[in-house]
Amino acid sequence: EEAAYEERRYPAGKWACVTKGEPMYEQSISMSFMKLMRYICKENSVGCYLGMTVPVLNEIHLTKEGTELEREVVTAYYLPGEFQQNPPVPTDPEIHITERAPLRVITRVFYGMTTEETILREISLFWDLLGSTDTVLRETYIVAAYENPSIPQRRNEIWFICRT
């Protein structure tokens, strides 16, 4: 039997990030991911394929009312171990290399497409499951994608970020 949710810790590390604020969530993540793929596949200062890592993270923020997503989404790709100390420089100025602090999350798996509607539903279901708690942030969430977006029943996770 699969657990309803689990707590995980992630170490600090360097990530290649793109921020987009398109009219639809799906447009933002699609455009950002294509930029990151070009970076991974040679559009970088070393001119070589960097290797794919998973999950690809999409950091989202809810509006003050909590009923919809803010337009701006940060899509992040974890740099493979051999590039953590000296990350290749992106040729695309919209890609930024960021050192992210260690992270503790409570995570829950869901399958299928990630649209604004499905994400809001998953956040709501997760809150119903967790109940009232002050241990996690309420305005910032992460959608973690483990498989290619073209896979109809791909594995995703919603991450609730624990307060430090």
Side-chain angles (χ1 to χ4, degrees), residues 1-37 39-40 51-80 94-164:
E1 188 69 30
E2 198 170 313
Y5 58 88
E6 66 178 289
E7 185 174 317
R8 285 195 216 127
R9 293 177 188 272
Y10 290 93
K14 291 191 175 81
W15 295 73
C17 301
V18 176
T19 303
K20 285 281 181 198
E22 299 303 317
M24 291 176 60
Y25 170 82
E26 299 90 318
Q27 293 170 309
S28 292
I29 63 169
S30 176
M31 292 171 75
S32 294
F33 185 72
M34 291 315 298
K35 285 181 170 289
L36 291 171
M37 279 309 296
Y39 169 68
I40 294 163
M52 192 62 210
T53 61
V54 290
V56 171
L57 304 183
N58 295 293
E59 185 177 304
I60 57 170
H61 303 276
L62 293 186
T63 57
K64 283 181 181 52
E65 304 77 40
T67 55
E68 53 187 45
L69 303 183
E70 293 280 354
R71 289 302 102 208
E72 214 165 73
V73 179
V74 178
T75 300
Y77 151 78
Y78 184 78
L79 288 155
E94 286 190 53
I95 299 173
H96 302 280
I97 305 301
T98 307
E99 173 88 30
R100 297 189 107 180
L103 190 62
R104 189 166 57 98
V105 298
I106 299 173
T107 176
R108 182 169 186 267
V109 174
F110 70 98
Y111 296 90
M113 302 302 288
T114 54
T115 63
E116 181 166 353
E117 185 183 346
T118 60
I119 291 165
L120 289 169
R121 184 176 62 241
E122 289 300 325
I123 289 171
S124 177
L125 289 168
F126 202 174
W127 275 116
D128 290 347
L129 202 58
L130 272 183
S132 181
T133 178
D134 292 335
T135 61
V136 295
L137 301 179
R138 285 194 168 269
E139 57 285 333
T140 304
Y141 300 90
I142 294 174
V143 178
Y146 286 86
E147 295 167 313
N148 185 314
S150 65
I151 295 173
Q153 283 303 307
R154 74 174 179 174
R155 177 176 174 238
N156 307 289
E157 293 174 343
I158 190 77
W159 291 5
F160 281 21
I161 303 164
C162 297
R163 295 183 191 280
T164 51

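Count residues from 1 along the sequence. Quick note: numbers below take in every heavy atom, side chains included, and nothing from hydrogens, waters or symmetry partners.
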Checking Val143 against Tyr25 for the side-chain contact (heavy atoms from CB on, under 4.5 Å) test, could you report, in this order, the C-alpha distance in whole Å, the side-chain angles of both residues, the deciding distance, and whether it holds?
CA-CA 11 Å; Val143 178; Tyr25 170 82; 3.9 Å; yes
Steps toward side-chain contact (heavy atoms from CB on, under 4.5 Å) verdict (Arg163, Thr135):
CA-CA 6 Å; Arg163 295 183 191 280; Thr135 61; 6.0 Å; no
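Thr118 contributes a side-chain N or O that, together with a main-chain N or O of Met113, makes up a donor-acceptor pair within less than 3.5 Å. One N or O on the side chain of Thr53 and one on the backbone of Tyr78 form a donor-acceptor pair closer than 3.5 Å. Under a 3.5 Å cut-off, the side chain of Arg71 and the backbone N or O of Leu69 do form a donor-acceptor pair. Formation of a donor-acceptor pair under 3.5 Å by the Glu147 side chain with backbone atoms of Arg155 is found in this model. Between the Arg154 side chain and the Ala145 main chain, no donor and acceptor come within less than 3.5 Å of each other. Remark: side-chain polar atoms of Thr98 are not paired, donor with acceptor, to backbone N or O of Arg100 under 3.5 angstrom. Proximity of a side-chain donor or acceptor of Tyr141 to a complementary backbone N or O of Arg138 within less than 3.5 Å is detected.
Atoms CD1 and CZ, from Ile119 and Phe110 in turn, are 6.0 Å apart once rounded to the nearest 0.5 Å. The OG atom of Ser28 sits 12.0 Å away from the CD atom of Glu70 when rounded to the nearest 0.5 Å. To the nearest 0.5 angstrom, Glu117 atom CD is 9.5 Å from Glu26 atom CD. For the atom pair SG of Cys162 and CZ of Arg9, the computed distance is 8.0 Å after rounding to the nearest 0.5 Å. Here the CZ atom belonging to Phe126 is positioned 12.0 Å from the CH2 atom belonging to Trp159, to the nearest 0.5 angstrom. Within the model, atoms CD1 of Ile106 and CD1 of Ile161 stand 11.0 Å from one another, a figure rounded to the nearest 0.5 Å.
Under the side-chain contact (heavy atoms from CB on, under 4.5 Å) test applied with Phe160, the options Ile123, Thr107, Leu137 reduce to a single match, Ile123.
Taking all atoms of both residues into account, the shortest heavy-atom contact from Cys17 to Leu36 is N-CD2, 4.4 Å. The heavy-atom pair separating Arg108 from Leu129 by the smallest distance is NE-CD2, 3.5 Å. Nearest heavy-atom pair, Lys35 versus Ile95, reported as atom, atom and distance to 0.1 Å: O-CD1, 3.5 Å. Tyr77 and Gly51 make their closest contact through OH-O, 2.5 Å (heavy atoms, listed as atom of the first residue, atom of the second, distance). Minimum interatomic distance between Glu116 and Glu68 (heavy atoms only, all atoms of both residues): OE2-CB, 3.3 Å. Across all non-hydrogen atoms, the minimal contact from Ser32 to Val18 is OG-CG1, 3.4 Å.
Side-chain contact between Leu79 and Ile97 is present, with heavy atoms from C-beta onward closer than 4.5 Å. The closest side-chain heavy-atom distance from Ile142 to Leu103 is below 4.5 Å. In this structure the side chain of Glu94 reaches within 4.5 angstrom of the side chain of Lys20, judged on heavy atoms. Asn58 places none of its side-chain heavy atoms less than 4.5 Å from the side chain of Phe33. Between Leu57 and Val74 there is no side-chain heavy-atom pair separated by less than 4.5 Å.
Heavy atoms of other residues, nucleotides or ligands lying less than 6.0 angstrom from CG of Asp128 number more than 12.
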